[in-house]
**Q** 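Okay, handing you the structure first.
Nothing here was measured: the structure is a model prediction, and the numbers come from that model. What you see below is based on every heavy atom in this structure, not just the backbone, and it leaves out hydrogens, waters and symmetry mates. Each residue takes its place number in the sequence, starting with 1.
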Amino acid sequence: MALYEYVTQEQLAGFDKYKYSAVDSNPLSIYVMHPFWNLVVKFLPTWLAPNLITFTGFMFLVLNFLMLAFYDFDFNASSAGYQHVPSWVWVAAGIFNFLAYTLDGVDGKQARRTNSSTPLGELFDHGLDSWACVFFVATVYSIFGRAESGVGVVTLFYILWVVLFSFILSHWEKYNTGILFLPWGYDISQVTISLVYLVTAAVGVETWYQPVIFHLLYRDLFTFMIIACSFTVTLPMSLYNVFKGYRNNTLKHSSLYEGLLPFLSPFLLFVLSTIWVIYSPSNILVLQPRIFYLMVGTAFANVTCKLIVCQMSNTRCQPLSILLLPMTAVVVLAITRVFTNETLLLYLWTAAVVLAHIHYGVSVVKQLSNHFNIFAFSLKKPNSD
């Protein structure tokens with residue numbers, strides 16, 4: 001496979017000057033998880049490459065997604081009258097989710113422990129995190145499902161976008177301030193959902209149909225917590241950090257247009273996907289929710305990875321992601337009925353998006369590995385014995 005050089009020479013020069021800067025103020029992370037990760041990393045062999053740890057953690061989330069796709073492809077398994085997901089699957093999902101979270105926490109510590117920290121490691125970590133959002137959300141959705149006591153597929157579509165918006169906020173902050181402020185909601189959600197999977201295995205999905213209190217269902221609590229966390233914690237903190245940078249005259253981008261530029265492509269992706277959902281002739285989101293979520297989440301990851309490259313290399317964010325051009329054509333073909341088999345069109349476009357994103361990721365990793373003269377998944381040096 002021929003690999004295109006997506007990273008420009010200007011960006012490569014910016015990576016050479018890059019210094020990691022992050023702030024983690026979450027008490028759960030500081031007082032519980034970091035001590036736990038410091039303990040875990042001591043058991044890892046010193047020859048183990050940090051990027052291999054990162055990739056393994058990501059694959060646990062992909063495995064959860066595939067496992068639930070096998071047992072609950074249409075998100076109906078939790079509904080009355082359908083065969084429920086086996087209890088052992090929920091146990092495995094809980095363990096895999098916590099392992100993914102743990103490995104995501106120890107990869108950076110392993111890099112510092114083995115003196116192998118590079119900008120590629122951070123880009124690889126955050127790039128996979130951007131793609132992991134959709135796998136995480138879709139797997140959690142199987143707990144509640146789409147039945148009357150669950151969450152509608154359209155509602156889940158907008159919840160997915162709230163999660164994606166929360167993720168990109170952190171990197172928008174760093175694009176403007178140069179500092180990554182780690183969101184509080186991440187650690188809390190990972191620990192909580194890992195426990196919820198295990199509880200589901202013990203008590204069954206029927207438990208989540210019952211009201212928490214009065215007429216408030218668990219699905220309503222689930223929806224409320226995600227939206228409330230995003231708009232009352234993540235968004236205000238992001239705006240405060242950027243405003244503080246503006247007040248102290250430390251922002252990297254002085255104009256409002258340049259500062260908001262990272263939101264343009266994600267916003268257009270949201271508009272295009274929403275238009276497809278609303279005007280779909282065959283109600284495609286109802287027919288194929290899992291594939292539609294995968295398409296949106298992968299396209300978002302591709303857009304976000306390009307922002308992270310610009311952010312880390314201190315270069316200007318490109319206004320428009322090239323992926324949105326063919327997607328516009330796909331949406332037009334779908335809603336105008338020019339392409340009559342909408343499900344086939346969705347599958348073909350999703351496959352194209354996934355392959356394009358994998359090609360982009362492999363190309364960037366290969367390019368940066370060559371630039372820094374390292375192997376992505378080994379601590380050995382190229383051309384060394």
Side-chain angles (χ1 to χ4, degrees), residues 20-26 28-29 101 104 122-123 125-137 140 157-190 192-193 223-248 250-253 255-271 273-274 293 296-321 324:
Y20 179 67
S21 179
V23 174
D24 188 355
S25 58
N26 184 358
L28 174 62
S29 177
Y101 173 50
D104 190 41
E122 182 182 343
L123 175 62
D125 187 0
H126 295 161
L128 289 182
D129 285 346
S130 68
W131 201 5
C133 290
V134 67
F135 299 121
F136 175 71
V137 171
V140 172
F157 169 74
Y158 292 114
I159 290 175
L160 172 61
W161 267 108
V162 170
V163 173
L164 299 180
F165 172 69
S166 299
F167 181 88
I168 205 169
L169 267 177
S170 296
H171 293 282
W172 170 72
E173 277 182 85
K174 189 173 184 184
Y175 178 76
N176 283 283
T177 66
I179 302 171
L180 181 64
F181 295 91
L182 299 173
W184 283 28
Y186 173 70
D187 296 283
I188 297 170
S189 65
Q190 293 301 310
T192 301
I193 291 302
T223 303
F224 172 78
M225 287 179 64
I226 291 177
I227 296 174
C229 182
S230 179
F231 290 101
T232 66
V233 179
T234 306
L235 178 59
M237 289 181 70
S238 294
L239 294 175
Y240 170 76
N241 290 327
V242 172
F243 176 74
K244 186 169 63 175
Y246 170 77
R247 188 180 57 193
N248 296 335
T250 58
L251 291 184
K252 290 180 172 291
H253 308 280
S255 75
L256 183 63
Y257 172 75
E258 291 294 336
L260 294 177
L261 201 55
F263 287 130
L264 180 57
S265 285
F267 174 73
L268 293 176
L269 176 61
F270 170 73
V271 170
S273 57
T274 303
Y293 299 149
V296 169
T298 306
F300 171 84
N302 188 259
V303 169
T304 305
C305 283
K306 292 171 182 176
L307 166 62
I308 297 172
V309 167
C310 294
Q311 165 232 107
M312 291 182 64
S313 61
N314 197 27
T315 54
R316 183 176 184 265
C317 178
Q318 294 303 307
L320 184 67
S321 173
L324 298 177

**Q** In this structure, which one of Ile226, Ile193, Ile159 forms a side chain to side chain contact (heavy atoms under 4.5 Å, CB included) with Val140?
**A** Ile193
**Q** Side chains of Trp184 and Ser25: do they bring a donor and an acceptor to under 3.5 Å?
**A** yes
**Q** How many angstroms lie between atom CZ of Phe136 and atom CZ of Phe167, to the nearest 0.5 angstrom?
**A**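 Reported to 0.5 Å precision, the distance equals 13.0 Å.
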**Q** Determine whether the aromatic ring centres of residues Phe300 and Phe270 are separated by less than 6.0 angstrom.
**A** no
**Q** Can you tell if the side chain of Tyr246 reaches within under 4.5 Å of the side chain of Asn176, non-hydrogen atoms only?
**A** no
**Q** Testing the basics here: between Pro266 and Ile168, what is the closest heavy-atom pair and its distance to 0.1 Å?
**A**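 It is CG-CD1, 3.3 Å.
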**Q** For residues 305-312, dump all side-chain donor-acceptor pairs below 3.5 Å to protein atoms at least two apart in sequence or in another chain.
**A**
unit_1	atom_1	unit_2	atom_2	d
Lys306	NZ	Asn302	OD1	3.2
Gln311	NE2	His171	ND1	3.1

**Q** Has the side chain of Ser21 got a donor or acceptor atom that lies under 3.5 Å from a matching backbone atom of Leu180?
**A** no
**Q** So does Glu258 get a backbone contact from the side chain of Ser255, meaning a donor-acceptor N/O pair under 3.5 Å?
**A** yes
**Q** Show the nearest heavy-atom pair for residues Gly297 and Trp131, with the distance to one decimal.
**A** O-CD1, 4.2 Å
**Q** Taking all atoms of both residues into account, what is the closest heavy-atom pair of Ser230 and Ser166, and its distance?
**A** OG-OG, 2.8 Å
**Q** Could you tell me whether the side chain of Thr192 reaches within less than 4.5 Å of the side chain of Met225, counting heavy atoms only?
**A**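 No - every pair of side-chain heavy atoms lies 4.5 Å or more apart.
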**Q** Just so I know, are the side chains of Tyr186 and Ser170 near enough to count as touching, which here means a heavy-atom distance under 4.5 Å?
**A**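 No - every pair of side-chain heavy atoms lies 4.5 Å or more apart.
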**Q** Are the side chain of Tyr293 and the backbone N or O of Val137 linked by a donor-acceptor pair below 3.5 Å?
**A**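 Judged by distance alone, no pair lies under 3.5 Å.
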**Q** What is the distance from atom CG of Leu264 to atom OH of Tyr257, rounded to the nearest 0.5 Å?
**A**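 One finds 7.0 Å between CG of Leu264 and OH of Tyr257.
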**Q** Find the distance between CG (Leu164) and OG1 (Thr304) and round it off to the nearest 0.5 Å.
**A** 7.5 Å
**Q** Heavy-atom count check: over 12 atoms from other residues, nucleotides or ligands less than 6.0 Å from Phe224 CZ?
**A**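 Counting neighbours around CZ of Phe224, 12 or fewer heavy atoms of other residues, nucleotides or ligands fall under 6.0 Å, so no.
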**Q** Counting N and O atoms only, with roles assigned by atom type, does the side chain of Ser238 sit under 3.5 Å from a partner on the main chain of Thr234, one being a donor and the other an acceptor?
**A** yes
**Q** Rounded to the nearest 0.5 Å, what separation is found between the OG atom of Ser321 and the CG atom of Leu269?
**A** 8.5 Å
**Q** Any chance you could measure Leu169, atom CG, to Lys174, atom NZ, to the nearest 0.5 Å?
**A** 15.5 Å
**Q** When you measure from the side chain of Asp24 to the backbone of Leu182, do you find a donor-acceptor pair of N or O atoms at a distance under 3.5 Å?
**A** no
**Q** With distance as the sole test, does Ser130 use its side chain to make a donor-acceptor pair with the main-chain N or O of Gly127 at under 3.5 Å?
**A**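 Here the side-chain-to-backbone pair exists.
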**Q** Nearest 0.5 Å, please: how far is OH in Tyr175 from CZ in Arg316?
**A**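 It is 7.0 Å, given to the nearest 0.5 Å.
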**Q** So which atom in Ser273 and which in Val296 form the shortest heavy-atom distance, rounded to 0.1 Å?
**A** CB-CG2, 3.8 Å
**Q** What pair of heavy atoms forms the shortest contact from Glu173 to Met237, and how long is it?
**A**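 Minimum heavy-atom separation between Glu173 and Met237: OE1-O, 4.2 Å.
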